[in-house]
Protein chains: 2
Amino acid sequence: MGMNKEIIKKRVRSIRRELNNRKIDCLIVIKPANVTYTTGFLGDDSWAVITRSKVYFLTDSRYTEQARVECPDCTIVERTGLMAEAVGRLVKKLKSVQTVTVEKSISLAGFGALKKHVKARLKAVADVIETVRSSKDNMEIKTIEAAASISTQGLEKTLRYIKPGVTESELAGMLDFQIRKLGGTNSFETIVAFGPNASRPHHQPSGKKLKQKDTVLIDFGAKYKGYCSDITRCFVVGRREVFYKKVYDVVEQAQGAAIKMIKAGVKMKDVDAAARTVIKDNDLPVYGHGTGHGLGLEIHELPFLKVESKDMLKAGEVITIEPGIYIPGKLGVRIEDDVLVTEGGSRILTRKCPHSPLLLSSKR
Amino acid sequence: MGMNKEIIKKRVRSIRRELNNRKIDCLIVIKPANVTYTTGFLGDDSWAVITRSKVYFLTDSRYTEQARVECPDCTIVERTGLMAEAVGRLVKKLKSVQTVTVEKSISLAGFGALKKHVKARLKAVADVIETVRSSKDNMEIKTIEAAASISTQGLEKTLRYIKPGVTESELAGMLDFQIRKLGGTNSFETIVAFGPNASRPHHQPSGKKLKQKDTVLIDFGAKYKGYCSDITRCFVVGRREVFYKKVYDVVEQAQGAAIKMIKAGVKMKDVDAAARTVIKDNDLPVYGHGTGHGLGLEIHELPFLKVESKDMLKAGEVITIEPGIYIPGKLGVRIEDDVLVTEGGSRILTRKCPHSPLLLSSKR
């Protein structure tokens, strides 16, 4: 267990550089993914405090033992009362710290508690660690690839259960179980949607049964060693309906057009537009969600690819590309892959999860 | 799909009463469980705005279709840009509203965005809907019981897989799968801990294999129609070690002592103390976590039973009682049940999930 100590040290150096740039002396890290990134800890309900010389890890008795294993580079502080009180006591000891900065994702209530218990100037800042996290190191890329590989194998093992009579919920459960058996967990709640249910991009699996002739959309992802993957695939059972096939092909083309554009330095809104244009040009309805998002320790993280995106892609970013076409009451098709941005172009980390087999027999 | 319309109306009336008491004209509901409670919506990424006459439901195109089915009593507003912008546009139309109040669980960043986009006085408030939610109505109690029943059946079906060689991760996956097959999802990530791993109250299932003679702790819960259950059970495989058995008996006595005290009007800290005293009196280490927590739409919600609790139990509250004994490197035992507080005492909603079978054969 525990991430490589050298990797954690390197990350803390990068974070301290970012803190120096922003003239921050002492950062309270509250977001679980940021705590994991900074300390190596894979549990919950714990904060980190980064100063110029140390990383403190604040947790309670449920996690102290785990922290000793996972965070050998941190000074572990076991709290009993409120987190804000523990921070207050710690800051009191840090004589050189005049201003304490906390992550802006803290709740208003949590910020109020800090104000009460911390005897120092209090400020808030957004996206310090998120910015460092957006470019992945080699270990992270390999781990995301491993997560994608578990997803792919889990889906393959689940394919044989796609047969008339199975419910959305059972299929989701089978896929989740396969992921577990392969050593992963879910990076989010698996979406399985039959037929017209797929027109709801975030449909929750129901007791609906698969028909003799039907369609299936599965949006899912394995999480492995803290890192997420995110894949959407569509299947046709028993027949290849002409209109569905046309919609599928257009979504695939839209995705291809977006992926082709990916390269460090390219504007994200241009990648987004590439996918939308293909759908518009085919007189089909353009999706209301973004074209993609970063992923890593969180399933949705920087950067976000949408119409209003202002930034450019950077090498080392791992993003989804996931255009879709949704026609309420009729159908929904989405294809989603995870892509690494490189200096020269891109690498598809989910390439081993084929877009086909599109057509599954209903006799199995 | 969709909750009973009358129930939603009754809840909104209770919330409006609470808002009147606190002199709040217009509340922005941001916490997912509170949005579900107020509107019936079971998806994500949506807010509600409650005024004196209407409930507005703000979502994006991924969820509009679902909202039309689940929230027949709301005015649905589909947003494309930022949530804060959508709130700003809506408030502009609500001529009579001078002050807008938002839930204090909003992030500091989200509050900043509202300040920018909402042209009205902005305030924050804690626990308005949480307070209403803490007393469950009959539908909620029945749904939690149904969730507990799925948990119990799922655990029973999983018992036969508890055999030497199985990993913590596989067992967790099998239990999750059984819950899915029974129509539920997980109310939180299942904990399965073998042997000394159980001394970490929030251990994450690993690739560790069950030995011929071993112990198993399982902390898990099915979620059903939005409502959570939460159960912990311990098993012994292949042998009944004297010390483990003693620890188990003390935990069971501690839990019994706490449950016996439960009744509307009793101080929560007294219930908490009842469990701790049994453990202390047996010269065993007292647990560092709380004795219990409310559960419902969230796995942890009001009220919280701990040493420093100040309130009294109220009829209709559903709480866990979960004392434990943890000896690092050696063992961990916790027993957890879900209990309804009544005027005259309590009712155990997880009573069909037996504490035994404590001893499982290793030959199966």
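No experiment lies behind these values; they were computed from the predicted model shown. Just so it is clear: chains get the letters A, B, ... in the order the sequence lines come, proteins before strands, and each one is counted from 1. The figures that follow rest on heavy atoms only: side chains count, while hydrogens, waters and symmetry mates do not.
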For this session: Heavy-atom distances under 4.5 Å only: say whether A:D60 touches chain B with side chain, backbone, both or neither.
Result: neither

Problem set entry | A:R200 vs B:V69, side chain to side chain contact (heavy atoms under 4.5 Å, CB included): CA-CA, chis, key distance, verdict | CA-CA 12 Å; A:R200 303 178 181 193; B:V69 177; 3.5 Å; yes

Problem set entry | Partner chain B: residue of A:P328, A:G110, A:S105, A:G183 with the largest heavy-atom pair count (under 4.5 Å) | A:P328

Problem set entry | Residues of residues 284-291 of chain B near chain A, each having a heavy atom less than 4.5 Å away | B:G288, B:H289

Exercise. So which of A:K181, A:E78, A:K104, A:K306 has the largest heavy-atom pair count under 4.5 angstrom toward chain B?
Worked result: A:K104

Problem set entry | Nearest heavy-atom neighbours spanning B:Q204 and A:G43 | NE2-CA, 3.8 Å

Exercise. How about A:L108 and B:L108: do any of their side-chain heavy atoms sit closer than 4.5 Å?
Worked result: yes

For this session: Please check if atom OH in A:Y63 has more than 12 non-hydrogen atoms from other residues, nucleotides or ligands closer than 6.0 Å.
Result: yes

Exercise. From B:H202 NE2 over to A:L42 CG, what is the distance, rounded to the nearest 0.5 angstrom?
Worked result: 15.0 Å

Problem set entry | Pairs of heavy atoms under 4.5 Å with chain A: top-ranked of B:A109, B:G81, B:S61 | B:A109

Seminar exercise, completed: Given B:G112, B:S206, B:A124, B:A172, the one with more heavy-atom pairs under 4.5 angstrom with chain A than any other is B:A172

Exercise. If you draw a 6.0 Å radius around OH in A:Y326, do more than 12 non-hydrogen atoms from other residues or ligands fall strictly inside?
Worked result: yes

Exercise. B:F177 vs A:F177 aromatic rings, parallel, tilted or perpendicular, using cut-offs 30° and 60°?
Worked result: parallel

Exercise. Looking at side-chain heavy atoms only, is the closest gap between A:P205 and B:R180 below 4.5 Å?
Worked result: yes

Exercise. Is B:K269 atom NZ crowded by more than 12 heavy atoms from other residues, nucleotides or ligands, each under 6.0 Å away?
Worked result: no

Seminar exercise, completed: CG of A:L182 to OG of B:S169, rounded to nearest 0.5 Å, is 9.5 Å

For this session: For residues A:E65 and B:S199, determine if any side-chain heavy atom of one lies less than 4.5 Å from a side-chain heavy atom of the other.
Result: yes

For this session: Would you give the length of the straight line joining atom OG of A:S107 to atom CD of B:E103, rounded to the nearest 0.5 angstrom?
Result: 11.5 Å

Exercise. Where does A:A126 contact chain B at under 4.5 Å (heavy atoms): side chain, backbone, both or neither?
Worked result: neither

For this session: Establish, from distance only, whether the side-chain atoms of A:E189 and B:T185 form a donor-acceptor pair under 3.5 Å.
Result: no

